[in-house]
Amino acid sequence: MTYDLTALRAQVPALAAGTAHFDGPGGTQMPRPVIEAIGAALSRPLSIRGDGLPGERNAETVVVETRRAMADLLGADPAGIVFGRSATQLTYDFSRTLARTWSPGDEVVVTRLDHDANIRPWVQAAERAGATVRRADFDPDTGELTVDHIRAVLGERTRLVAVTAASNLIGTIPPIAEIARIVHEAGALLYVDGVHYAAHALVDIEALGADFFVCSPYKFLGPHHGVLAARPELLETLRPDKLLPSTDVVPERFELGTLPYEFLAGTRAAVDFLAGLAGQRGGSRRARLSSAFEMIEEHEGTLRNRLEQGLAAFGEVTVRSRAARRTPTLLVTLDGHRTEDAYRFLADRGVHAPSGTFYALEASRHLGLGDTGGLRLGLAPYTGGEDVDRLLTGLAAFLGHGGVRSTAP
């Protein structure tokens with residue numbers, strides 16, 4: 001099997017505009033099959049779910065098939081797949097529901113490495129319940145969040161630990177399976193923000209040991225909404241606020257209001273598109289996804305090395321992404337230059353490399369970057385070597401180096 005980048009890029013209409021995209025961590029561009037699936041869902045009769053008229057059956061089919069697709073992507077049970085407007089909304093909903101079981105003296109652990117969507121909901125829910133919030137640090141020099149960082153803040157009254165599977169700011173991939181083991185030994189639940197992780201690695205929530213795993217399809221070539229996976233039996237123990245006439249069946253009891261059927265159809269198509277990157281005709285969708293993500297990781301890893309080698313040629317560039325295990329996402333700062341200025345300079349040259357903290361505010365502050373952050377360079381499955389060279393050439397011009405040689409082998 002070979003990774004056919006040219007064929008992949010031809011399937012992404014937005015790339016025809018000519019922009020070199022390094023904004024994947026903030027959202028990827030959609031392939032044509034995803035766009036077409038959204039349009040097809042809207043072109044057919046579509047009604048509230050049911051088994052009578054065509055519109056009802058179409059809506060039911062979309063929901064059922066998308067639960068199965070996301071279960072294949074995450075290594076989960078379809079009956080434990082919950083859909084929501086966004087990962088942030090789902091985390092707020094679950095934080096409020098879980099907090100009903102907390103009492104004064106109970107403790108909740110969050111980490112400074114996380115996106116604020118996996119910090120603030122838990123902090124606010126804990127405050128309302130009278131529970132104590134404890135924060136796990138990470139090493140600002142290496143970017144590592146270790147088991148010991150979590151162990152240092154676990155206690156007999158810990159009820160929940162919220163941690164990222166991969167930092168959206170610096171790419172660090174913490175040892176989630178090991179963290180899950182000590183969290184469960186302490187009798188607590190583990191809520192994992194997998195929004196950034198799911199874009200770059202095949203998820204297996206059972207192997208990770210996550211009690212809850214949340215992600216966003218628009219980070220892996222799909223449309224904008226959120227998905228949460230958990231064991232159905234765990235979801236059965238939770239009683240969220242809901243409308244009186246709405247179903248109490250799991251997982252629907254957590255899905256407030258009518259689902260965005262057209263976006264779910266797009267998400268199912270995105271999962272199938274990813275599975276198709278392996279080029280295999282046989283085997284289960286899960287098996288094809290496994291092969292595809294091996295190829296994606298190899299492709300993105302090669303480009304990350306190429307980018308890091310190019311950045312090393314610039315003395316003014318400091319790469320903040322240093323963990324041993326990390327996604328192809330680099331946060332850099334530029335000595336003597338504002339990264340906001342670099343972003344605008346590159347944008348004028350058709351290179352999208354945004355600047356900021358990207359809602360990972362506590363991580364940015366812990367790194368000593370305050371509320372400014374840095375320039376984030378994120379790779380995606382459709383990123384090519386020419387994109388990397390355009391970025392490096394643009395940075396060279398911004399820094400006054402005049403030019404940079406291609407880093408291609």
Side-chain angles (χ1 to χ4, degrees), residues 11-14 21 23-50 54-74 76 78-94 115 117 168 193-199 203 212-230 240 242-243 246-247 250-277 285 289 380-382:
Q11 288 288 325
V12 184
H21 285 276
D23 58 331
T28 49
Q29 307 304 308
M30 283 190 200
R32 188 170 287 105
V34 176
I35 298 167
E36 291 173 348
I38 294 170
L42 292 171
S43 300
R44 293 190 293 265
L46 205 55
S47 307
I48 299 298
R49 295 167 63 189
E56 296 173 329
R57 295 195 300 271
N58 287 341
E60 179 68 16
T61 297
V62 165
V63 173
V64 170
E65 290 186 354
T66 307
R67 287 201 210 282
R68 290 173 180 163
M70 285 304 305
D72 285 343
L73 183 70
L74 302 179
I81 298 293
V82 179
F83 297 123
R85 184 176 64 82
S86 66
T88 300
Q89 174 252 308
L90 285 167
T91 303
Y92 262 115
D93 286 349
F94 275 82
H115 187 290
N168 75 304
D193 176 355
V195 172
H196 187 61
Y197 182 83
V203 178
F212 305 93
F213 185 98
V214 68
C215 63
S216 301
Y218 73 98
K219 302 301 176 75
F220 49 83
L221 311 181
H224 289 76
H225 69 97
V227 180
L228 179 139
K242 58 177 285 296
L243 302 180
S246 64
T247 181
V250 166
E252 282 89 347
R253 75 168 62 152
F254 300 94
E255 295 169 343
L256 310 181
T258 304
L259 293 171
Y261 303 125
E262 66 277 16
F263 282 179
L264 298 190
T267 293
R268 179 193 62 202
V271 174
D272 285 335
F273 183 85
L274 287 167
L277 293 180
R285 179 163 52 195
L289 283 165
Y382 47 70

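From a predicted model like this one, the values you see are computed outputs, not experimental measurements. Because only heavy atoms are used, hydrogens play no part in the values below, and waters and symmetry mates are left out as well, while side chains stay in.
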Which value, rounded to the nearest 0.5 Å, describes the distance between [X] atom [atom1] and [Y] atom [atom2]?
X      : Y      : atom1 : atom2 : value
Arg85  : Glu255 : CZ    : CD    : 14.5 Å
Leu221 : Tyr382 : CG    : OH    : 7.0 Å
Ile48  : Thr258 : CD1   : OG1   : 3.5 Å

Under 3.5 Å: donor-acceptor pair, side chain of [X], backbone of [Y]:
X     : Y     : result
Asn58 : Pro45 : yes
Arg67 : Ile81 : yes
Thr61 : Arg57 : yes
Ser86 : Gln89 : yes

After noting the C-alpha distance and the side-chain angles of Cys215 and Leu74, does the key distance pass the side chain to side chain contact (heavy atoms under 4.5 Å, CB included) rule?
CA-CA 10 Å; Cys215 63; Leu74 302 179; 4.2 Å; yes
Looking only at heavy atoms, what is the nearest atom pair of [X] and [Y], with distance?
X      : Y      : result
Ile38  : Gly266 : CG1-CA, 3.8 Å
Ala269 : Ala37  : CB-CB, 3.6 Å
Ala230 : Phe212 : CB-CD2, 3.8 Å
Thr267 : Met70  : CG2-SD, 3.6 Å
Pro251 : Ala79  : CD-O, 3.4 Å
Ala117 : Thr88  : CB-OG1, 3.4 Å

Inspect the surroundings of CZ in Arg68 and state if more than 12 heavy atoms from other residues, nucleotides or ligands are less than 6.0 Å away.
no
Between [X] and [Y], is any pair of side-chain heavy atoms under 4.5 Å apart?
X      : Y      : answer
Thr91  : Asp193 : no
Val195 : His115 : no
Asp272 : Pro33  : no
Leu228 : Asp93  : no
Gln29  : Asp23  : yes

Could you check whether Lys242 pairs with Glu252 (Lys NZ or Arg NE/NH1/NH2 to Asp/Glu carboxylate O, under 4.0 Å)?
no
From CA spacing to verdict: side chain to side chain contact (heavy atoms under 4.5 Å, CB included), Gln11, Val34
CA-CA 10 Å; Gln11 288 288 325; Val34 176; over 6 Å; no
Classify the ring geometry between Phe83 and His225 as parallel (under 30°), tilted (30 to 60°) or perpendicular (over 60°).
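Phe83 vs His225 ring planes: perpendicular.
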Parallel, tilted or perpendicular, as decided by the 30° and 60° cut-offs, for the rings of His224 and Tyr218
parallel
Give the intermediate values and the outcome of side chain to side chain contact (heavy atoms under 4.5 Å, CB included) for residues Leu264 and Leu259.
CA-CA 8 Å; Leu264 298 190; Leu259 293 171; 4.0 Å; yes
I'd like to know whether Tyr261 forms a side chain to side chain contact (heavy atoms under 4.5 Å, CB included) with Val63, so could you lay out the CA-CA distance, the side-chain angles of the two residues, the decisive distance to 0.1 Å, and finally the verdict.
CA-CA 7 Å; Tyr261 303 125; Val63 173; 3.8 Å; yes
